[in-house]
There are 2 protein chains.
Amino acid sequence: MAQSHTSRDVARLAGVSQSTVSYVMTGRRPISEETRLRVEAAIEQLTYERHAGARALASQRSRVVGLFVPFGDGNDTVGKLPFIENIAASARAHDHELLLVTADEGPSGLRRLAGRSLCDAMIIMDIELEDERVAVAAELPVPVILIGVPSDPRGLHCVDLDFAQAAQIAIDELSATGHDRIALLGHPADITRRRLNYVSRFIDAACEHADLLGIRLEVIAPVELGRAAAAAAVDEAMAFGAGGRLGLLVPESGNVQAVLRALNSRGSLPGRDVSVVAVCTDAMAQDAEPPVTNVSMERRDVSQRAMETLFWLLEPDQRKPPPGIALVPARLTRRQTVMPPP
Amino acid sequence: MAQSHTSRDVARLAGVSQSTVSYVMTGRRPISEETRLRVEAAIEQLTYERHAGARALASQRSRVVGLFVPFGDGNDTVGKLPFIENIAASARAHDHELLLVTADEGPSGLRRLAGRSLCDAMIIMDIELEDERVAVAAELPVPVILIGVPSDPRGLHCVDLDFAQAAQIAIDELSATGHDRIALLGHPADITRRRLNYVSRFIDAACEHADLLGIRLEVIAPVELGRAAAAAAVDEAMAFGAGGRLGLLVPESGNVQAVLRALNSRGSLPGRDVSVVAVCTDAMAQDAEPPVTNVSMERRDVSQRAMETLFWLLEPDQRKPPPGIALVPARLTRRQTVMPPP
DNA sequence: TTGTAAGCGTTATCAC
DNA sequence: GTGATAACGCTTACAA
């Protein structure tokens, strides 16, 4: 059990002053090659590491990122892990630690982390349209990145998937392949209720863009999760209009499988008799039966962008373009569920 | 943006010395009712919170728990969230923060957290039989709790599910309901390869206990995940012996659904023609079709136990029994997949 | 019951 | 280029 050493121990061993040790570590002052090597050797020998608390106290920076994770609520519990993992890796790459706070603490969690100077910046996942944390976050003395776009961002930095653009490229694809009608199989009611923001961003853009391209678009919503609801929605979609080339647009990744299954059981083979474009991760699209043409919504892209802007705020010496509300674009991957042009 | 106040500000406002403020907060010294109220009022008024770094520096305790999470690897990505959530809640209940470290950092992560005095205790999830982190952990100046039992625990505190006991009660149930042969549908090969510990604990105990009760037990292993493998294993199980009452024991929760489905498609109704006892969470058992009699393996129970011992180590004033290697018992819940006694 | 003051281990401002 | 030394904001003897 290596008794923890201090920078004084290192200084003594290297035969220099304690402050020199500090300067070697921070690099805030030119050090002669020779003494630097001696100090580094001493550090190595003692396996010395700086005391985080002392460092934070003296430097006014904790080198910690606070992450507010929405546990508990049922939705998409699996997609969150890669997100967190990505955040952690990015923090680590900048020699920062990651402090995890569960969202059920609400605004008080934000105040605690800031008040105790526990972190230099925060990321709040799953921001809802009307989120009581946003107003609190805006008053904090540390930068905050929101994942999701609230109705009033208060000048905070937001990162989210670009749902409007996602809708557009999905419809572009269906248009380019000669479809003349599109059925949008919407989201479950409780999601729509909770944070209509991304839902409405998608649906509004879809309607607008379909209109622009002169394609008929019907929105079928809400569509609950589960086989029965999906089947009913599929029936409704297929009844919509007669003949022609029909494309189904499925923005809720949890419904993709059920929709495909419902089509199959009705004798409509996706990619031959009808088209399906899903909004989901590439992994999910690939695993679907059959592999479904999708507009990718990768949380990793979002976390990446979030951490970029975070460290852009934390290390202002850089020259990269300043961020604002960052919408991560989706991209379309063609698989087997869109009919080729006639 | 509330400019952060210090305890001196509080002291000034309350008209007391700075140390008195500290004593009010720590409670390490009797304070007169009157001044205590004045101080508390001042704290409230300034929304004062102690600087975590300064506190850690002076008190030699960071009030942070380090958690090493095994991301990345594919297995059971969904079960980890409740675990982490539970840890976080428990930490919070003791006014501690949670620092997240991804396991891919390996032993260096342990050394960093300890060397920088970033946390007062650590929890390492998913310990494998031969885990290079264990030896390092044993040398650290902070207590470490292992989730899982390595081949050489080095005196560290371990918490895990009691797989041996789980096997026993499962077999007890099948025995009590008049089964005369049991097929154990084992784990996928790569799991067995990586950390045979829990696998072998289960299988060994099962064999031993079946032997003791005089029931024929056949182990079918490995059984990969997925429908095909499960179906093959089911066929093999049903071929095992002729007639009589057969019970299937499924210790890999990922295979439960597939096994039930395979039985159904062979015209064997679980609970009527054949019995199934699964090892999985209650939620999963309840959601199965049909609801499956299960031996519960709740990660929450493990995290709970881990945090209990952790804070028992951190706050030694208590009188609770000292922990060692803690094996959390499973319990059986009867549902619809075990045939009633003849 | 309360106040004074000495650390805790850094960073950063002076001097030299 | 390097060494003293004063913060940083708290906890905790030691006095009173």
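Naming convention: chains lettered A, B, ... in sequence-line order (proteins, then strands); numbering from 1 in each chain.
- Side chains of B:Glu298 and B:Thr281: a donor-acceptor N/O pair is absent below 3.5 angstrom, by distance only.
- Here A:Ser59 lies in heavy-atom contact (under 4.0 Å) with sugar-phosphate atoms only.
- The side chain to side chain contact (heavy atoms under 4.5 Å, CB included) test with B:Arg36 singles out one residue from B:Arg38, B:Glu34, B:Glu40, and that residue is B:Glu40.
- A donor-acceptor pair under 3.5 Å is formed between the side chain of B:Asp9 and the backbone N or O of B:Thr6.
- Applying a 4.0 Å cut-off to non-hydrogen atoms, the residues of residues 20-38 of chain A that approach DNA chain C are A:Ser22, A:Tyr23, A:Thr26, A:Arg28, A:Arg29, listed by residue number.
- Taking the side chain of B:Ala58 as heavy atoms from C-beta on, and the options C:dT11, C:dG7, C:dT4, the nearest nucleotide is C:dG7.
- Counting only distance, with no hydrogens or angles, the side chain of A:Ser90 and the backbone of A:Asn86 share no donor-acceptor pair below 3.5 Å.
- Reading DNA chain D from its 5' end, the first and the last nucleotide to sit under 4.0 Å from a heavy atom of chain A are D:dG1 to D:dG9.
- For A:Arg116 and B:Asp95, the salt-bridge test passes: some basic side-chain N is under 4.0 Å from an acidic carboxylate O.
- A salt bridge between B:Arg299 and B:Asp126 is present, with a side-chain N of the basic residue lying under 4.0 Å from a carboxylate O of the acidic one.
- Salt bridge present: B:Glu105 and B:Arg112 bring a charged side-chain N and a carboxylate O closer than 4.0 Å.
- Among the nucleotides C:dT4, C:dT10, C:dG7, the one closest to any side-chain atom of B:Ser17 is C:dT4.
- The nearest whole Å value for the distance from the CZ atom in B:Arg8 to the P atom in C:dT4 is 11 Å.
- For the pair A:Arg28 and A:Tyr23, the cation-pi test (distance below 6.0 Å, angle within 45°) is failed.
- Counting to the nearest Å, the P atom of C:dG9 and the CD atom of B:Gln60 are 6 Å from each other.
- Going from atom CD of B:Gln18 over to atom C1' of C:dG7 covers 13 Å, rounded to whole Å.
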